[in-house]
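We use all heavy atoms of the structure for the numbers below, so side chains are in, but hydrogens, waters and symmetry mates are not. Throughout, a chain's letter reflects where its sequence line sits, starting with A, and its residues are numbered from 1.
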Amino acid sequence: MELFNTLTRRKETFQPRERGKVRIYVCGPTTYNYIHLGNARPLVFFDTVRRYFIYRGYDVRYIQNFTDVDDKIINRALEEGADPLELAGRYINEYFKDADALNVLRADRHPKVSEHMPEIIALIEALVQNGSAYVVEGSVYFEVRKFAGYGKISGRTLDDMRAGARVDVDPCKRDPMDFALWKAAKPGEPAWDSPWGKGRPGWHIECSAMALKYLGPDFDIHGGGFDLIFPHHENENAQSEAATGKPFVRYWLHNGFITVKEEKMSKSLGNFFLVREILARFPPELVRFFLLSTHYRSPLDFDDQKLSAAGRGLERIKTSIRLLSEVLAKEADGRVPGVAGDLNFRIDGIKSSFEKAMDDDLNTALAIGVIFELTREVNTAVKRVGAAVAPQDAEIFRKAMDLFINFNEVMGIFKTDSGGKKMLFDSTGGGEGSDTVAKLVDLIVEVRGEARKKKDWATADRLRDGLRELGIIIEDTPQGARRKKP
RNA sequence: GGCGACAUAGCCAAGUGGUAAGGCAGAGGACUGCAAAUCCUUUAUUCCCCGGUUCGAAUCCGGGUGUCGCCUCCA
């Protein structure tokens with residue numbers, strides 16, 4: 001497998017620290033608000049990375065933190081008159097609602113800053129003791145000039161950055177680029193005891209402490225958005241390597257931005273869409289499909305029209321899976337096999353194309369193209385099926401269904417039943433609601449069938465149009481009417 | 001000012017040296033009572049522009065233009 005490593009700016013062959021195991025840390029949200037679509041991209045992408053490693057048979061350990069101690073949380077809590085930790089906890093719960101809707105698997109651990117003060121303090125102590133950090137009036141700063149590798153993640157030197165950066169005037173710092181590991185407490189802020197007095201951790205140290213605790217040094221993959229490269233990951237790397245004397249991360253992966261009208265979606269520009277706002281208008285499977293339809297390092301422009309266009313493509317995939325289920329229900333002895341021969345011939349090639357795409361730096365866009373290839377092959381074979389399917393053909397169709405299921409295990413687009421063997425669509429069936437409603441719809445469809453037999457097209461069309469207005473689509477097939485929701 | 005990324009059809013989008021995947025939209029056809037769904041065919045002599053390297057470049061090199069991002073909280 002090839003991964004583009006931000007550290008070297010090249011694709012590299014993936015070699016894990018331990019054979020057959022992958023250790024992944026992804027920067028999770030600072031929980032002072034609901035997540036927006038830009039926050040959702042890394043969630044969905046790295047969840048897909050994780051799923052692909054599982055698919056490939058790796059033992060995966062996946063950690064995603066919550067930053068629940070932070071300036072923004074404190075400010076927000078002040079505005080609302082709430083307790084900062086209580087507020088953060090509330091948004092953690094809300095985070096899970098959105099992530100679950102997007103079919104993002106729970107991490108093996110979701111560590112919180114507030115629950116890792118001893119580890120954070122120990123790490124800072126180590127940095128003070130080995131001379132990488134210094135203490136000024138109850139705060140501790142990391143001294144960037146002491147760390148030779150500073151700048152290697154973001155690809156710039158300290159002198160580059162000095163040139164134009166808005167310089168922090170904090171007179172406590174020995175170098176403007178030095179950053180806080182520990183901030184002395186200000187009145188009214190949450191604070192913890194430390195060797196330097198009451199205070200709280202700086203922004204970057206928590207990820208170092210938690211990643212090192214759960215994954216150890218030199219772990220395999222660290223992920224996040226491009227905007228975390230500097231300063232967050234630069235600093236995280238510097239302090240971690242300075243503390244342990246060992247490499248921190250083998251592969252740094254960074255996803256591109258979601259944009260709106262070609263501009264980065266961000267809170268400060270006010271051009272963001274909350275995940276829950278979008279989910280109120282579009283199905284979650286479509287949002288996930290849309291996020292994966294572009295390579296993760298490219299920017300992805302969001303608007304309703306693009307999402308809708310993607311939706312029509314996704315519908316083709318769903319239709320194909322539906323058709324396959326129908327075919328599999330028609331298995332019968334005594335039929336002469338042969339309708340699925342071509343499909344059988346293609347399946348292995350499609351599977352390896354998919355894996356090849358994912359092996360090449362997690363190219364989900366290409367992989368989705370391969371899924372469309374499977375869709376076309378399946379549909380072509382399904383077209384030849386009559387009233388029944390021979391067991392030999394059914395076997396081939398089952399293989400195709402298994403392939404859809406495999407692909408979905410990786411992409412995570414459709415929710416599945418508890419056994420993971422059946423994909424649940426948001427919009428199957430028709431006639432939802434009460435039993436009575438379902439029976440009424442059955443009755444209407446039946447009456448329409450009788451009208452068609454009598455070539456009473458006016459009545460048949462009126463019933464079909466009427467049902468469509470109620471959100472129930474009728475499609476006529478040689479074997480009778482098929483119903484679905486749009 | 002420093003650093004970096006990107007520029008492929010009406011739209012979205014893969015493709016890093018061998019002659020332009022895929023999806024949406026459009027056109028034609030098959031199927032259908034009509035639809036829908038599905039299938040087939042078709043839609044970029046060409047990949048922002050100009051030079052160069054090469055038998056051969058969307059792909060490499062140089063220059064230009066444009067867009068975006070990071071350098072400050074941000075996924």
Side-chain angles (χ1 to χ4, degrees), chain A residues 6 9 11 26-30 32-33 35-46 70-72 75 151 154-157 159-168 177 203 223-232 234 254-259 262-269 272 289-290 293-295 297-301 303 305-317 319-320 322-323 353 357 360 363-373 375-376 378-384 452 455-458 460-461 464-465 468 473-478 481-482 484 486:
Chain A
T6 303
R9 266 148 275 266
K11 281 186 198 171
V26 177
C27 285
T30 301
Y32 67 106
N33 203 343
I35 60 169
H36 62 65
L37 190 64
N39 302 313
R41 189 177 196 187
L43 295 181
V44 166
F45 171 67
F46 288 106
D70 172 89
D71 287 355
K72 293 188 291 290
N75 291 337
S154 54
R156 49 188 118 187
T157 66
D159 297 315
D160 285 342
M161 288 184 275
R162 283 186 122 185
R166 281 182 242 168
V167 173
D168 193 327
M177 295 309 296
W203 176 28
F226 273 159
D227 49 1
L228 293 183
I229 293 173
F230 192 89
H232 184 56
E234 192 69 68
H254 292 96
N255 62 275
F257 299 126
I258 301 288
T259 59
E262 312 287 305
E263 280 188 323
K264 179 182 172 184
M265 181 183 288
S266 71
K267 303 228 166 105
S268 49
L269 285 171
F272 60 90
F289 176 77
F290 179 74
S293 65
T294 297
H295 185 88
R297 285 189 282 115
S298 301
L300 173 55
D301 200 57
D303 66 47
Q305 284 68 36
K306 286 170 181 164
L307 200 52
S308 297
R312 287 188 285 275
L314 182 61
E315 198 54 42
R316 289 195 57 211
I317 296 172
T319 298
S320 188
R322 280 200 195 99
L323 291 172
S353 296
D360 184 11
N363 194 334
T364 54
L366 229 200
I368 285 174
V370 175
I371 295 175
F372 278 108
E373 208 177 306
T375 295
R376 194 174 52 252
V378 164
N379 291 344
T380 300
V382 162
K383 241 162 70 102
R384 292 196 292 262
R452 291 187 73 234
K455 299 195 191 293
D456 178 2
W457 309 125
D461 290 351
R464 184 173 61 193
D465 293 346
R468 171 179 280 275
I473 306 246
I474 300 293
E475 298 172 356
D476 294 314
T477 75
R482 171 189 300 133
K484 66 176 190 186

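Between the side chain of A/Arg376 and the base of B/C40, no donor-acceptor pair of N or O atoms lies under 3.5 Å. Scanning atom types as modelled, no donor and acceptor separated by under 3.5 angstrom connect the side chain of A/Arg464 and the base of B/A36.
Counting only heavy atoms from C-beta on, A/Pro231 has its side chain closest to B/C71 among B/C39, B/G33, B/C71. With distances taken from any side-chain atom of A/Glu263 to the nucleotides B/G69, B/A35, B/G23, the minimum falls on B/G69. Proximity note for A/His295 (side chain, C-beta onward) versus B/G23, B/U38, B/A14: the nearest is B/A14. Residue A/Met265 has its side chain nearest to B/A75 when only B/A13, B/A75, B/G23 are considered.
At a threshold of 4.0 angstrom between heavy atoms, the contacts of A/Gly256 include nucleobase atoms, whether or not backbone atoms are also involved. Among the atoms of the strands shown, only primed sugar atoms or phosphate atoms (P, OP1, OP2) are found under 4.0 Å from some heavy atom of A/Gly224. A/Glu475 comes within 4.0 angstrom of a nucleotide base, judged by non-hydrogen atoms across all strands. Nucleic acid contact class of A/Ile229 (heavy atoms, under 4.0 Å, all strands): none. Contacts of A/His232 with the nucleic acid, taken as non-hydrogen atoms under 4.0 Å apart, are absent. Among the protein residues, A/Thr319 comes within range of the sugar-phosphate backbone only, with heavy atoms under 4.0 Å from sugar or phosphate atoms but none that close to a base. As judged by a 4.0 angstrom heavy-atom cut-off over every strand, A/Ile258 is placed among the base-contacting residues.
Considering only side-chain N and O atoms, A/Asn255 lies nowhere under 4.0 angstrom from the phosphate OP1 or OP2 of B/A75. Between A/Asn379 and B/U38, a side-chain N or O to OP1/OP2 separation shorter than 4.0 Å is absent. Applying the 4.0 Å criterion to OP1 and OP2 of B/C70, one finds that A/Lys264 has a side-chain N or O inside that range. Note on A/Arg312: a side-chain N or O is less than 4.0 Å away from OP1 or OP2 of B/A25. Applying the 4.0 Å criterion to OP1 and OP2 of B/C39, one finds that A/Arg316 has a side-chain N or O inside that range. The side chain of A/Asn363 contributes an N or O atom lying less than 4.0 Å from OP1 or OP2 of B/G15. For A/Ser298 and B/A14, the shortest distance from a side-chain N or O to OP1 or OP2 is below 4.0 Å.
Of all heavy-atom pairs between A/Ala357 and A/Ala367, the closest is CB-N, 3.7 Å.
Residue A/Arg384 places its CZ atom among more than 12 non-hydrogen atoms of other residues, nucleotides or ligands, all under 6.0 Å distant.
Stacking between A/Trp457 and the base of B/G33 is present: ring centres sit under 5.5 Å apart and the planes differ by under 30 degrees.
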- Item | Verdict with supporting geometry, A/Arg464 and A/Asp476, side-chain contact (heavy atoms from CB on, under 4.5 Å) | CA-CA 10 Å; A/Arg464 184 173 61 193; A/Asp476 294 314; 3.7 Å; yes

Short N/O separations, protein against nucleotides 5-11 of chain B, under 3.5 angstrom:
none

